[in-house]
Amino acid sequence: MRSSYQPVSTTNFEHENAIPTASSSHNLLMSQRFDDSPPSSNDNSIETNITPPPEPPSYEFDIEDPHDDLHKRTHLQRVSIGFQEKILEPLMENIIHPLLQISKFVPDKADYYLSKIGNPFILRRFFYIIFMSFIAYYVLSSGYLFNEKASGSKGMFSQHDILFEYAKKSVDLAKFERDLEYISSMPHGSGTKGDAAIYRYIQESFDNNGLKLVKEMGYSVYSNYPGNVSISYYDNKNEKHDLELSKENFNPLSSNGKLSKVSLIYGGKGTTYDLQHLKDSKTIEDGKDYVLLLQYDKLVSQQVLIAEKFGAKAVIFISEPYGENIDVVQSKPVGLPQYSTGDASGLNWDGSPVEEKDHKFWRQTHIPTIPISTRQGKELLSRLSSGGVTVDDGNSDRSNSGKMGDVLIDVDLQTNVREKHFIPNIVGKIEGREQSDKAIIIAASRNSINFGTTYPNFGTAALLSIVQLFQEVKYKFGWKPLRNIYFISFGGTEFNYAGSSELVEQRLTPLKDEIYSLIDISQLGIPFAEKYENGKTRGELSIETHPLLKKFFNRNAHGNFDISVDNVQHYGDWTPFLANGIPVSVISSDSTRNRDTPTETSEDKFERVEKILEDEQNQQSVKDLLVYLLHISMELIDDPLLHFDIISYVEDIDERLQRLEQAYPEKLNFTSIIKGLLFWKKIGSEWASWTQGWENIVWSHGDGIEPSLLSINRWTWNKKLTNIGRRTCSPAGLPNRSFYKNVLFGPTLIQEDKSKNGGNVDFWTFPGVMDAIYDDDWKRAQEQIDLIGKVLHQSAALFVEETNDIGYK
Amino acid sequence: MPEQELLIGQEMNTLHAGSSTDGINVGNAGRTRDTQTGVEGETEIGSDEEDSIEDEGSSSGGNSTTERLVPHQLREQAARHIGKIGRHFNILDRLFKKRTQQSSDIQQGAMFDGVFSNLSAKPDTTETEGNNEQDIPPTYDEAAADMAPSYYGMDLNNSDIYYDEICIEGLPVGNIANLLWNIIVSTSFQFIGFLITYILHTSHAAKQGSRFGLGLTFIGYGYSMIPNDVTSKVGKNKSLNRMELEDPNEFDDVRLNSQSTTQDKFESHLNHGLDEEKQNIPWLAVFVAFLGLFITLKSIYDYIQVKKLEKKYLNQSQNQA
């Protein structure tokens, strides 16, 4: 139709005319006034009526002459004028103006050449795009920008291998040692000035690592501090001998008391068996006061409980020697976590008194306890007559118990009690990017009335190093975990785990909603290389965890460590979490867990660890340990699917059930529990197959890209899985111990085998049943079993039903 | 009414001179005249609509100011020539013109007129010589005095999306919303956003918005290329406050007096781990960031210029009216 129109531009002649016009139209429009001086003769009426062509663009700021009235101007104005003269004007002249010139010249030239190819108006657009595309391509392919490998991710998820490789290289042992040295440089018992310095230091370290959310959460709890202490005994000639005691002879949370001329009786490790033996032999009698001399056992609080039960008026603990050193004193805390952990003052956190004042709420001993050194213990033992009965010392030695009236002693203990003393937890947080309503806690206890290098400082230093490693990975790869991580340094450990208990008490519901795992690293120590296999050193680590996570820890067995996985078997800052069904994992070195000396003595100093750290193999061990911690916490927090394995959970409970049945055959009926377990097993296989399907879709076929429908499904599964633990709680708690709500896992009140034959009894599973069995109350035991069955069944039914979060409260 | 029409015609003529060809003829008057005949035949059909309008304008009498300045025929020819060049360079115009053309029926049937189909384009040989003499381009003054923008008000069809829009360099100016919208799209979708918005821009605002977004994208690239200094971000080399206390076991007064205490000077000789040396910023990052900055500033500057121009045109047209 318009064919006659097109050939126009094809003639060369046309180009010659058109090119410069089209290309420079813009410039000419703007500057035509200056291009040619208009012939003055052509003045006419239009000229006068119509405003002249626009001024050329002014890119200079409209500023008054700076030289004008300089002295009248304010300081601010002078500064602005100076700025204009010295910076703005040279900038304009030397940079902006030439640039503008170029920017005018280049398009003109470009248009000129473009017009040789075709219509510059269109081509300009495309050439601009092509040109910019080249720049962008060059930039993107330069390798300086983030690509998948550099960002350590595959598809929508992180590639942990890359992160670990980096973490391995960046472990900062010097920081670890510096932190350990400083934290160990002074005693830092809860609520002391030393602790104030240490928790500030931890806070500062968190801040320094760039942790955004760091908070100090303080609580007022019952505390006591060393005061006056004296022990004197009377010899045969009724001569008084004082034991040389110091502030080290102190058991945190011991009661005050004064006794004079009371008989001293040796009770070995003070088990019910031992004391019953003494009672049976009439060595001790009801109504007659006596002071019990005991060797430390694993669970000190239980020793005190039993001593009280048998009518002892005070307990003197003999410390274990540290190698050849028999003068060390172990200052073990004697708070009673058996009934409940937390503030020992018997008041609720809001200050209201707890309703029941009976022994259910004992958190503190009622009798004074004083630790003495091995040497002093021997001195007292030597004074005891050969009468009485012989009792087991625990290490295949036997000593005489002595008799009433054998040795009389004076005991005076006056500690400094502060009913409401400030004790802080330090909490840091890394925000998750996906399910930010779910989180894990990595925690370490902080306080030690001694220097505490091995315990708990080693764990605290590890915590600080882990935070730094996480932050390094975060900054290096722009990494963010899928769910939140909290780093907590708990205070008040020696005061019946006050810090962690108060936290749980205050924020029980949010914690149960959010936390699906707590990892405690306070009892870490250098995992000494004990074995050699193929030239490799292997340290030992013991992990106590919830059965849901057992498979995870077993699977993640580290090449450098022998790892033993078991249920949680002792008290610690994790106990209040455990009591409320939150799955906890305690990673520890055996020696620290058993509190082998010099732990809890004044000899637990940095110099000792410094020497150990000089060995390169040990350095490597610490490094491996830190990387291992990072590894497991990262898998827990950043793997898209939670590592909760329901089937192994069911199998574990089943196994424990069988053990119970074997121990007490035909006494109990486990049908209800088994029914509940079968229900869970069904869910477990469903979860396992779903997991497999997910892995197939996302990893095998999707290269890490997850369809959004699957994401929603996965989140729901994760959410439901996190509820498993808390659903194993009964709102009423255990009989007489309402603090412990978890009916599956928790401490038995008295953890000793009355038969004194097995030694292999599991005191941390089915606590309600075990309590009843200890009391020989088989009816209650059956009730407890039925309760467990009901809880299991209900929680499974809820698991199937629920689509939303429903707590039991 | 005739006065009005004349004004339109006049605007249109001068407009092309103002925008696409901007009075190049001033210097090359003679040359333009020479070429007239050759080109005219080819252009006539294409510019039929304008012709008709122009005819209307010219037929209404020769008393106007323009008529006095330049002979009618010369003016007509110049306009035709200029218009042709203008159209040639203005894709959008061609695009939108088409629609108008189809709806108009002025030349309907011309294509089906057998041998006479090109009759209207036939050069009028008798008039050519006389025309040539009169075929003088407008003087600089005339051109300069005529500030009417290129297509302003030319198309009286209200349905046109550019109705009442001022076109500069063949593009409407566009408003600030246009600019912002394109900045948003171009920035949020990064380079792809720029590609899309730039290919599809239909106004200066959109174009500059698109470029602005590109600039920001480039600045972002530059920023991302700055090496990640992890070591200093996690404060590896920073020393913390390690105060030593004389009375760490004090439990009643736990206030720390930082001034009166000494510092723990312990230094570890153990491995510091990967201590990333501070890397230099690659020149590419600097280049890209500056390029981005330049593009950003330039786009704003250009948009302001176009806006200023538009304002001037508007003022002028108001004055003229």
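Computed from a prediction, not measured in an experiment: that's the story for all the values here. So that the names make sense, note that chain A is the first sequence line, chain B the second, and so on, each numbered from 1.
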Carboxylate-amine/guanidinium contact Arg124(A) Asp111(A), below 4.0 Å: yes
Ser185(A) versus chain B, the contacting section by heavy-atom distance below 4.5 Å: side chain
Contact origin within Ile199(B) toward chain A - heavy atom pairs under 4.5 Å: both
Contacting moiety of Ile226(B), where chain A heavy atoms sit under 4.5 Å: neither
Under 3.5 Å: donor-acceptor pair, side chain of Asn416(A), backbone of Pro226(A): yes
Which atoms of Val139(A) approach chain B - backbone, side chain, both or neither, heavy atom under 4.5 Å: both
Contact leader toward chain B among Gly210(A), Ser223(A), Pro187(A), where contacts are heavy-atom pairs under 4.5 Å: Pro187(A)
Greatest number of heavy atom pairs closer than 4.5 Å to chain A - which of Thr217(B), Leu245(B), Leu240(B): Leu240(B)
Region of Ser133(A) that comes under 4.5 Å of a non-hydrogen atom in chain B: both
Part of Lys233(B) lying under 4.5 Å from any heavy atom of chain A: both
Proximal component of Asn249(B), with respect to chain A [non-hydrogen, under 4.5 Å]: both
Contact winner vs chain B - Phe176(A), Tyr138(A), Tyr128(A), Phe126(A), heavy-atom pairs under 4.5 Å: Tyr128(A)
Residue selection (most heavy-atom pairs with chain A, distance under 4.5 Å) from Glu267(B), Lys238(B), His269(B): Lys238(B)
Nearest non-hydrogen partners of Asn241(B) and Glu204(A), listed with the distance: N-OE2, 3.0 Å
Region of Gln619(A) in contact with chain B, defined by heavy-atom distances below 4.5 Å: side chain
Close aromatic pair by centroid cut-off 6.0 Å: Phe194(B) and Phe191(B): yes
Residue Leu195(B) versus chain A: region with a heavy atom under 4.5 Å: both
OG-NZ distance between Ser170(A) and Lys236(B), expressed to the nearest 0.5 angstrom: 5.5 Å
Donor + acceptor pair across side chains of Thr139(B), Glu142(B) (<3.5 Å): yes
Distance-only donor-acceptor check, side chains Tyr198(B) and Arg211(B), under 3.5 Å: yes
Spatial distance of atom CD1 (Ile198(A)) from atom NZ (Lys193(A)) [nearest 0.5 Å]: 13.5 Å
Gap between atom CZ of Phe266(B) and atom CD of Glu610(A) - 0.5 Å precision: 4.5 Å
Charged N-O contact under 4.0 Å between Arg178(A) and Glu181(A): no
Region of Phe606(A) that comes under 4.5 Å of a non-hydrogen atom in chain B: side chain
Glu472(A) side chain to Asn209(A) side chain, donor-acceptor N/O pair below 3.5 angstrom: no
Options Phe287(B), Phe294(B), Tyr221(B), ranked by heavy-atom pairs under 4.5 Å with chain A, top entry: Tyr221(B)
Residue part contacting chain B, namely of Lys474(A), when any heavy atom lies under 4.5 Å: neither
Engaged part of Leu140(A) at the chain B interface, taking heavy atoms whose separation is under 4.5 Å: side chain
Parallel, tilted or perpendicular: rings of Phe251(B) and His421(A) (30°, 60°): perpendicular
Top contributor to chain B interface from Glu614(A), Gln471(A), Gln468(A) [non-hydrogen pairs under 4.5 Å]: Gln468(A)
Greatest number of heavy atom pairs closer than 4.5 Å to chain B - which of Lys247(A), Met132(A), His188(A): Met132(A)
